[in-house]
Amino acid sequence: MLRLVVLGPHTRILSSLCAACPHSPAGCCVAPPRMDWSDIGRVVARGGLEWLLAEVAARRLLPDPGGLVLKKRKGVVGKDGPRLAKCVYVGEAGCTIDHDRRPATCNYFVCESVFAEDVPNAPPAREAHAELARSYAAWDVVLSAQVAEQWPDGPTYDAAFLGWLGDAFSALASAR
């Protein structure tokens, strides 16, 4: 089953195949995406400023030249599964981060195996996936240039910087 929840830049694509990933016992979570500037801005715009500050302080989100990296940790996957390094936010029932706090890629990415399934929502989900990937990539180009210009020594990852990212993302998303 493939489910498409259309919410503009907050769109989610969900698949029942993910729970039984044919590629890895931990699915995509063995290689979590970086939270790019647009992801961070989206999280702040959705009310996640305090959450981001707490996660950076707890070192589950690590500063990176292009945003934040989701920390990985080794753990057993499933009841008797293998021990794999995976996203620190993976719990027994999957992702423990609310969809408003996740990198956008975690909300809209599904692998080609999902699209290969003969399901009615595949064409609009594929189109939404492509549009979101294009939009976030374009927003990251703009935000990266602005961050580099305004914070030439690197961003501070404090409330002022993150708040600015939230405002900048909102402006870009509304101009879309």
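This chain uses plain numbering: 1 for the first residue, then up along the sequence.
If you chain together hydrophobic residues whose side chains sit under 4.5 Å apart, Val88 and Val56 fall into the same group. Hydrophobic cluster membership is shared by Leu53 and Trp151, with clusters built from Ile, Leu, Val, Met, Phe, Trp and Tyr side chains linked at under 4.5 angstrom. Criterion: ILVMFWY side-chain heavy atoms under 4.5 Å apart, direct or through other members. Under it, Val90 and Val69 are not part of a common hydrophobic cluster.
More than 12 heavy atoms of other residues, nucleotides or ligands sit less than 6.0 Å from atom CZ of Arg73. Within 6.0 Å of CD in Glu131 there are more than 12 heavy atoms belonging to other residues, nucleotides or ligands. With a 6.0 Å radius and a threshold of 12 heavy atoms from other residues, nucleotides or ligands, Lys72 has its NZ atom above the threshold.
Atom CZ of residue Arg42 and atom CG of residue Leu165 lie 13.0 Å apart, to the nearest 0.5 angstrom. One distance of note links CD1 of Ile40 with CG of Leu49; it measures 11.5 Å at 0.5 Å rounding. The distance from atom CZ of Arg101 to atom SG of Cys106, rounded to the nearest 0.5 Å, is 14.5 Å. Note: Lys86 NZ to Lys74 NZ = 11.0 Å, rounded to the nearest 0.5 Å. Note: Leu162 CG to Thr156 OG1 = 7.5 Å, rounded to the nearest 0.5 Å. Distance check: Glu149 CD to Ser144 OG gives 12.5 Å after rounding to the nearest 0.5 Å.
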Please tabulate, one pair per line, all N/O donor-acceptor pairs under 3.5 Å involving side-chain atoms of residues 25-39, not counting sequence neighbours.
unit_1	atom_1	unit_2	atom_2	d
Arg34	NE	Asp36	OD1	2.7
Arg34	NH1	Asp64	OD2	2.9
Arg34	NH2	Asp36	OD1	2.9
Ser38	OG	Asp140	OD1	2.8
Ser38	OG	Asp140	OD2	3.2
Asp39	OD1	Ala104	N	2.8
Asp39	OD2	Asp36	N	2.9

Should Lys71 and Glu55 be marked as a salt bridge (charged side-chain N to carboxylate O under 4.0 Å, His left out) after you check the CA-CA gap, both sets of side-chain angles, and the distance that decides it?
-> CA-CA 10 Å; Lys71 188 175 179 179; Glu55 295 306 293; over 6 Å; no
Run the side chain to side chain contact (heavy atoms under 4.5 Å, CB included) check on Tyr108 and Ile13 step by step: do they pass?
-> CA-CA 5 Å; Tyr108 70 74; Ile13 302 172; 4.3 Å; yes
What's the verdict on side chain to side chain contact (heavy atoms under 4.5 Å, CB included) for Arg3 and Ser15, showing C-alpha distance, side-chain angles and the deciding distance?
-> CA-CA 6 Å; Arg3 195 169 118 216; Ser15 171; over 6 Å; no
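Between Trp51 and Tyr89, the two ring planes are tilted [angle within 30° to 60°]. In this structure, Phe161 and Tyr157 have perpendicular ring planes: the angle between them is above 60°, well past the 30° mark.
In this structure the side chain of Leu132 never reaches within 4.5 angstrom of the side chain of His129, judged on heavy atoms. A heavy-atom distance below 4.5 Å is not found between the side chains of Leu2 and Leu14. With a 4.5 Å cut-off on side-chain heavy atoms, Asp100 and Val43 do not count as touching. Taking the side chain as every heavy atom from C-beta outward, Tyr136 and Phe169 approach each other to under 4.5 Å.
Closest non-hydrogen pair, Ala168 versus Leu143, comes out as CB-CD2, 3.6 Å. The minimum heavy-atom distance between Ala125 and Leu4, with the atom names listed, is N-CD2, 4.0 Å. Across all non-hydrogen atoms, the minimal contact from Leu68 to Leu52 is CD1-CD2, 4.1 Å.
With hydrogens and angles disregarded, a donor-acceptor distance shorter than 3.5 Å links the side chain of Ser174 to the backbone of Ala171. A donor-acceptor pair is defined here as one N or O able to donate and one able to accept, closer than 3.5 Å; such a pair exists between the side chain of Asn107 and the backbone of His99.
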